Amino acid sequence: MSLDALRQYDRNRWQAAARAVLKDLRTGLFIDGDYCDAAGGGRIVSINPANGEAVGEFASAGTEDVDRAVRSARKAFLSGTWSRRAPRERMEVMYRWREQIGQHAEELAALETLDMGKPVRDVVAGDLPAVMETIQFMAECIDKIEGSVTSTASDVMHFVMREPLGVVGAISPWNYPMLMGVWKVAPALAAGNCVVLKPAEQAPASCLKLAELFVEAGGPPGVFNVVNGIGEVAGRALALHGDVAKISFTGSTEVGKLMLVYAGQSNMKRVALECGGKSPHIFLADTPDLQRAAAVACSGIYCNMGEMCNAGSRLLVAAEIHDEFVERFAAESRRAYLPGDPLDPATRLGPLVTREAQQRVLGLIDSGRRQGAKVMFGGDTPGQFAAGAYVNPTLFTDVRNDMTIAREEIFGPVASVIRFRDLDEALRLANDTIYGLAAGIWTTDLNKAHRAIRELEAGLVYVNCYDEGDMTQPFGGYKQSGNARDKCFDSVLSYTQQKSAWIRLSEAH
Ligand code: NAD
């Protein structure tokens with residue numbers, strides 16, 4: 001089923017697709033090319049956050065299962081079945097994998113929506129094309145990985161080559177289950193590694209399917225394994241494992257810090273971290289096209305229910321345009337972000353991922369009220385969706401940058417407007433955070449834009465737009481947002497290590 005065909009589906013069609021995937025749901029671990037149960041028989045139930053019903057009971061890996069998956073990956077790596085296979089042949093497998101994903105797009109989209117509540121229109125328009133593009137891009141990188149020959153005396157030959165690391169452990173979050181998995185797995189595979197992926201326990205279904213499709217595309221068993229399970233058990237066991245050469249983590253800053261501890265407690269494995277954010281989105285008095293700016297500000301925080309690492313959650317707005325901006329933002333929110341059934345393609349705002357996430361977000365909203373911020377709209381749950389984990393889009397004004405809602409990552413549809421007087425103050429407020437993932441600035445003044453690009457402490461800076469980019473863009477943060485870069489050719493190189501070969505020749509030439 002092509003993505004174009006899926007764009008024509010109505011709600012009934014998606015509900016039928018959802019019923020069909022639940023009938024055939026595979027819930028095991030995926031190790032050595034096939035599904036299996038957890039050795040200890042552990043299971044975790046994944047809940048559909050739109051209605052509180054169970055999606056499925058998934059096997060939950062223990063330490064023994066993680067060890068089995070790592071051993072399978074290590075065996076596959078040492079056999080050379082993937083790591084030493086001709087680049088063109090590996091590229092062919094990756095291209096076929098991409099095709100398989102396209103052919104199973106209906107199933108993958110339904111799974112993603114059921115498991116984490118993401119509006120199906122976003123999966124079809126955003127996540128799935130991005131997953132396929134990532135695999136395509138990373139496959140194209142395979143035969144571009146090069147070494148070098150350095151300048152030496154003529155009786156010596158010295159070359160530097162890049163080799164894969166071995167077994168890569170990937171730990172991913174639930175907010176874009178497939179895409180965050182593929183941002184790690186695809187470059188690691190492209191560089192010739194074997195992978196064990198631990199997806200988030202809240203939404204493991206689509207990642208399992210991706211591994212199954214990799215094998216169907218001709219990927220050798222053991223090269224891509226998936227161990228669903230609880231973070232503190234399966235994730236910890238993977239990050240502590242002595243045969244894992246690198247842990248590539250996307251998730252909260254708090255858990256990211258644990259990865260560094262686990263590496264130090266075990267084999268000093270490499271640690272790549274993509275963590276949280278509290279990104280400033282700045283609107284100067286000379287913002288071009290305030291209507292478009294307000295609409296982009298809205299999608300920058302309410303898209304994916306605000307469950308985005310680079311969400312523009314702090315709206316820094318110049319005093320001169322503050323009232324008009326807030327008015328236009330509110331109108332856009334009412335127009336575009338009404339809560340609805342995520343299986344209805346008209347819906348752009350589904351539930352949060354779990355009841356716990358909903359309660360956490362409502363708690364932070366309460367703290368905003370208590371600390372004196374003003375709720376312009378939202379701040380509550382939609383009564384007609386009481387069975388789901390919904391939170392209405394919320395806008396706070398009169399926010400100070402030292403309030404909890406301006407400091408903590410809320411990871412929900414909650415925006416805070418902070419007023420400023422001039423660019424100096426805007427940049428100071430923007431950088432007054434422990435995070436540094438993304439930042440946006442709107443202005444018609446090229447000099448101001450350049451100054452902001454230089455002074456904003458963030459890995460991603462957007463000018464007169466927000467959350468745009470393509471596969472060439474290094475995606476990652478400054479400060480406590482992490483130390484790695486996903487996407488881009490450099491991400492493939494980050495899954496390689498350099499080997500230097502120094503050859504003494506018998507005579508000078
Ligand atoms: P999380 O940190 O709770 O969990 C992430 C992963 O770590 C999950 O697979 C979880 O099971 C695992 N985990 C949890 N505790 C663990 C432990 N003790 N040992 C090993 N593994 C453990 O994050 P989340 O709630 O799934 O995701 C939301 C977070 O992810 C947000 O902070 C968001 O900003 C961040 N994120 C960052 C990026 C980025 O590119 N920078 C992208 C997406 C999400």
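Reckoned from all heavy atoms, side chains included, excluding hydrogens, waters and symmetry mates. None of the values given here were measured: they were computed from a predicted structure.
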Minimum side-chain heavy-atom gap Cys465-Val296 below 4.5 Å: no
Contact summary for Val461 and Ala458, nearest pair of heavy atoms: CG2-O, 4.2 Å
Glu356 vs Gln202 side-chain heavy atoms within contact, under 4.5 Å: no
pair Gln358-Arg355: side-chain heavy atoms closer than 4.5 Å: yes
Whether Arg90 side chain and Ala190 backbone form a donor-acceptor pair below 3.5 Å: yes
Main-chain N/O of His241 paired with Lys269 side-chain donor or acceptor, under 3.5 Å: yes
Chi angles and distances behind the side chain to side chain donor-acceptor pair (under 3.5 Å) call for Asn304, Asp122: CA-CA 8 Å; Asn304 210 44; Asp122 290 351; over 6 Å; no
Any donor-acceptor pair under 3.5 Å from Arg270 side chain to Tyr495 backbone: no
Residue from Tyr95, Trp97, Phe30 passing ring pair (Phe, Tyr, Trp, His ring centres under 6.0 Å) with Phe214: Trp97
Student check: side-chain heavy atoms of Leu352 and Pro413 closer than 4.5 Å: yes
Test item: Asn175 side-chain N/O and Glu307 main-chain N/O as donor-acceptor pair under 3.5 Å: yes
pair Leu284-Asp445: side-chain heavy atoms closer than 4.5 Å: no
Whether Tyr9 and Trp14 hold their rings parallel, tilted or perpendicular, with breakpoints at 30° and 60°: tilted
Asp115 backbone acceptor or donor facing Asn48 side chain under 3.5 Å: no
Presence of salt bridge, Arg335 and Glu332, under 4.0 angstrom: yes
Basic-acidic side-chain contact under 4.0 Å: Arg407, Asp432: yes
Check: Phe77 main-chain N/O paired with Ser83 side-chain donor or acceptor under 3.5 Å: yes
Residue pair Ile230 / Ser60, side-chain heavy-atom distance below 4.5 Å: yes
Aromatic ring pairing Phe411/Trp174, orientation class (parallel under 30°, perpendicular over 60°, tilted between): perpendicular
Lys278 backbone acceptor or donor facing Arg314 side chain under 3.5 Å: yes
Donor-acceptor contact below 3.5 Å, side chain Thr394 vs main chain Asn392: yes
Aromatic plane relationship, His281 with Trp442 - under 30° parallel, 30 to 60° tilted, over 60° perpendicular: tilted
Side-chain (Ser172) to main-chain (Gly181) donor-acceptor, under 3.5 angstrom: no
Qualifying residue, where the test is ring pair (Phe, Tyr, Trp, His ring centres under 6.0 Å) with Phe329 and the options are Tyr337, Tyr302, Phe396: Tyr302
Any side-chain heavy-atom pair of Leu349 and Leu338 under 4.5 Å: no
Salt bridge present between Glu140 and Lys144 (N-O < 4.0 angstrom): no
Distance in Å, Leu114 CG paired with Leu343 CG, rounded so as to fall on 0.5 Å steps: 5.5 Å
Atom pair CZ/OG of Phe475 and Ser491 - distance to nearest 0.5 Å: 12.5 Å
Where Ser481 and Gly436 come nearest, the two heavy atoms and their spacing: OG-N, 2.9 Å
Heavy-atom side-chain contact between Lys479 and Tyr435 under 4.5 Å: no
Polar side-chain atom of Asn267 near backbone of Gly242 as donor-acceptor pair, under 3.5 Å: yes
Chi angles and distances behind the side chain to side chain donor-acceptor pair (under 3.5 Å) call for Lys184, Thr250: CA-CA 9 Å; Lys184 310 207 160 297; Thr250 299; 2.9 Å; yes
